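In this text the structure is predicted, and so the values were computed from the model without any measurement.
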Amino acid sequence: MGEQPIFSTRAHVFQIDPNTKKNWVPTSKHAVTVSYFYDSTRNVYRIISLDGSKAIINSTITPNMTFTKTSQKFGQWADSRANTVYGLGFSSEHHLSKFAEKFQEFKEAARLAKEKSQEKMELTSTPSQESAGGDLQSPLTPESINGTDDERTPDVTQNSEPRPEPTQNALPFSHSSAISKHWEAELATLKGNNAKLTAALLESTANVKQWKQQLAAYQEEAERLHKRVTELECVSSQANAVHTHKTELNQTIQELEETLKVKEEEIERLKQEIDNARELQEQRDSLTQKLQEVEIRNKDLEGQLSDLEQRLEKSQNEQEAFRNNLKTLLEILDGKIFELTELRDNLAKLLERS
């Protein structure tokens with residue numbers, strides 16, 4: 001049947017940092033499918049997770065593994081074959097509890113499968129031992145097969161001795177002696193066969209021991225090869241993971257370099273804007289100073305203008321007063337001139353009269 005998935009869920013996958021052995025390193029960018037697989041051929045349970053075509057988890061469940069809940073949504077277990085610690089982050093506590101229950105269930109199933117496998121191996125070697133032991137315990141000696149001398153002699157003697165009261169069917173003595181010789185020949189034959197069987201039994205026992213040793217060696221070699229295959233699978237998956245991680249890092253570095261380049265251009269642009277802003281600030285400060293100077297001069301001019309206006313007003317007032325005085329003087333002068341004219345006329349008349 002091969003491997004078949006028997007339970008699946010989704011989680012974020014992490015591995016312990018091989019350098020620090022403390023920090024978690026995410027092996028998936030998002031939640032991926034994590035499945036329990038059962039291999040009916042090898043009778044093993046495995047946890048497998050794929051991110052695309054990359055295997056990020058390939059862990060064989062053994063009876064000595066333990067799944068630990070470190071928080072409400074996070075659990076971990078150590079895989080000594082892969083020489084790492086896997087961590088899973090679930091979306092809810094229910095999913096974590098379900099995964100932990102399945103882990104315990106399949107761990108117990110793996111233990112039972114291992115015990116059954118050991119029992120089968122023991123049963124495979126036990127029949128040979130039982131057959132050998134049974135042969136050793138069974139009466140394969142000449143005495144056990146044909147009876148002891150004490151057991152056989154009375155029979156022969158009984159057959160050889162004449163009966164006190166022979167019947168019509170009693171055998172003659174000579175016939176009884178022939179039967180005794182026949183049984184003695186049979187006994188010798190059985191003794192030879194028994195010796196051959198004993199030698200064959202000893203040889204079979206030695207062969208069984210040798211076969212058991214060879215079987216144990218084959219089992220150790222098969223276990224070693226199985227571990228080696230698992231290690232190579234883990235190394236292959238780790239190499240693929242490292243290559244993918246390296247590619248992702250290169251892409252990330254390239255993206256960071258492009259981002260850094262953009263930031264540097266933006267920094268240069270900001271520096272230019274800052275320089276322009278400084279120049280504008282200096283121009284603004286200069287204009288502000290000039291404006292202040294103009295305002296001061298304007299105030300001075302306003303003061304001067306006010307003074308001039310006051311002086312002008314005073315001058316106008318003085319001119320108006322002078323005009324009024326001049327007008328008054330002109331009027332007085334006109335009066336005086338008129339009087340003088342009259343006086344002149346009067347004098348002229350007086351002269352004429354005189």
Side-chain angles (χ1 to χ4, degrees), residues 2-40 42 44-111 113 226-256:
E3 275 189 319
Q4 297 293 332
I6 51 180
F7 177 78
S8 298
T9 185
R10 292 186 67 82
H12 291 272
V13 181
F14 300 85
Q15 281 190 12
I16 201 70
D17 190 343
N19 297 323
T20 62
K21 298 295 184 182
K22 294 180 180 179
N23 301 325
W24 289 106
V25 178
T27 56
S28 63
K29 294 181 179 180
H30 48 78
V32 295
T33 301
V34 182
S35 302
Y36 286 98
F37 278 77
Y38 175 63
D39 188 348
S40 58
R42 295 162 57 188
V44 295
Y45 293 84
R46 290 202 299 169
I47 302 174
I48 297 176
S49 178
L50 299 177
D51 187 5
S53 60
K54 178 182 68 174
I56 55 179
I57 296 180
N58 185 7
S59 178
T60 301
I61 299 177
T62 60
N64 58 349
M65 282 186 176
T66 302
F67 185 82
T68 305
K69 297 180 182 179
T70 57
S71 66
Q72 292 183 350
K73 297 181 182 180
F74 193 87
Q76 66 183 46
W77 78 95
D79 190 341
S80 58
R81 293 183 177 180
N83 193 22
T84 188
V85 179
Y86 293 102
L88 296 178
F90 295 89
S91 59
S92 65
E93 186 177 1
H94 172 72
H95 290 86
L96 173 61
S97 300
K98 190 68 175 177
F99 187 88
E101 291 174 1
K102 292 296 182 180
F103 191 97
Q104 186 64 28
E105 177 184 345
F106 299 142
K107 170 186 171 182
E108 184 67 18
R111 184 184 67 80
H226 176 66
K227 290 181 179 179
R228 182 59 179 169
V229 169
T230 305
E231 291 175 357
L232 291 175
E233 289 178 353
C234 294
V235 168
S236 177
S237 62
Q238 289 178 357
N240 293 331
V242 168
H243 179 69
T244 305
H245 187 57
K246 182 180 179 181
T247 304
E248 293 176 354
L249 287 177
N250 290 331
Q251 293 178 354
T252 304
I253 290 172
Q254 186 176 1
E255 292 176 357
L256 290 175

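Nearest heavy atoms, R46 versus T60: CD-OG1, 3.4 Å. Between I48 and N58, the shortest heavy-atom contact is CG1-OD1, 4.2 Å. Shortest non-hydrogen contact noted between I56 and S28 is CD1-CB, 4.1 Å. What you find for S59 and W77 is that their closest heavy atoms are OG-NE1, 3.2 Å.
Under the side-chain hydrogen bond (donor to acceptor under 3.5 Å, both in side chains) criterion, D51 pairs with no residue at all, not counting sequence neighbours. Residues passing the salt bridge (Lys or Arg N to Asp or Glu O under 4.0 Å) test with R111 are E108, E115, sequence neighbours excluded. With sequence neighbours excluded, the residues that form a side-chain hydrogen bond (donor to acceptor under 3.5 Å, both in side chains) with K69 are S97. With sequence neighbours excluded, the residues forming a ring-ring contact (aromatic ring centres under 6.0 Å, His included) with F90 are F99, listed by chain and number. In this structure, the side-chain hydrogen bond (donor to acceptor under 3.5 Å, both in side chains) partners of T62, at least two apart in sequence or on a different chain, are N64. R81 meets the side-chain hydrogen bond (donor to acceptor under 3.5 Å, both in side chains) test with no other residue; sequence neighbours excluded.
Looking only at atom types and distance, the side chain of T33 has a donor-acceptor partner in the side chain of R10 under 3.5 Å away.
Rounding to the nearest 0.5 Å gives a distance of 12.5 Å between OG of S35 and NZ of K102. If you take CH2 on W24 and CZ on F14, they are separated by 9.0 Å, rounding to the nearest 0.5 Å. For the atom pair CZ (F103) and CG (L96), the distance works out to 12.0 Å, reported to the nearest 0.5 Å. Of the inter-residue distances, the one linking I47 atom CD1 with F67 atom CZ reads 8.0 Å to the nearest 0.5 angstrom. Rounding to the nearest 0.5 Å places NZ of K21 at 6.5 Å from OG1 of T84. In this structure, M65 CE and D79 CG are separated by 3.5 Å, a value rounded to the nearest 0.5 Å.
Partner of Y45 under the ring pair (Phe, Tyr, Trp, His ring centres under 6.0 Å) criterion, chosen from Y38, F37, F7: Y38.
Judged by distance alone, the side chain of Y86 and the main-chain N or O of V13 form no donor-acceptor pair under 3.5 Å. Checking side-chain atoms of S49 against main-chain N and O of I57 turns up no donor-acceptor pair under 3.5 Å.
Taking the side chain as every heavy atom from C-beta outward, Q254 and L256 never approach each other to under 4.5 Å. In this structure the side chain of V32 never reaches within 4.5 angstrom of the side chain of L50, judged on heavy atoms. At a threshold of 4.5 Å between non-hydrogen side-chain atoms, the residues I6 and F106 count as touching.
Summarising the local packing, NZ of K29 is surrounded by 12 or fewer heavy atoms from other residues, nucleotides or ligands at distances under 6.0 Å.
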Q: Would you check, one step at a time, whether the test side chain to side chain contact (heavy atoms under 4.5 Å, CB included) holds for T66 with K107?
A: CA-CA 9 Å; T66 302; K107 170 186 171 182; 4.0 Å; yes
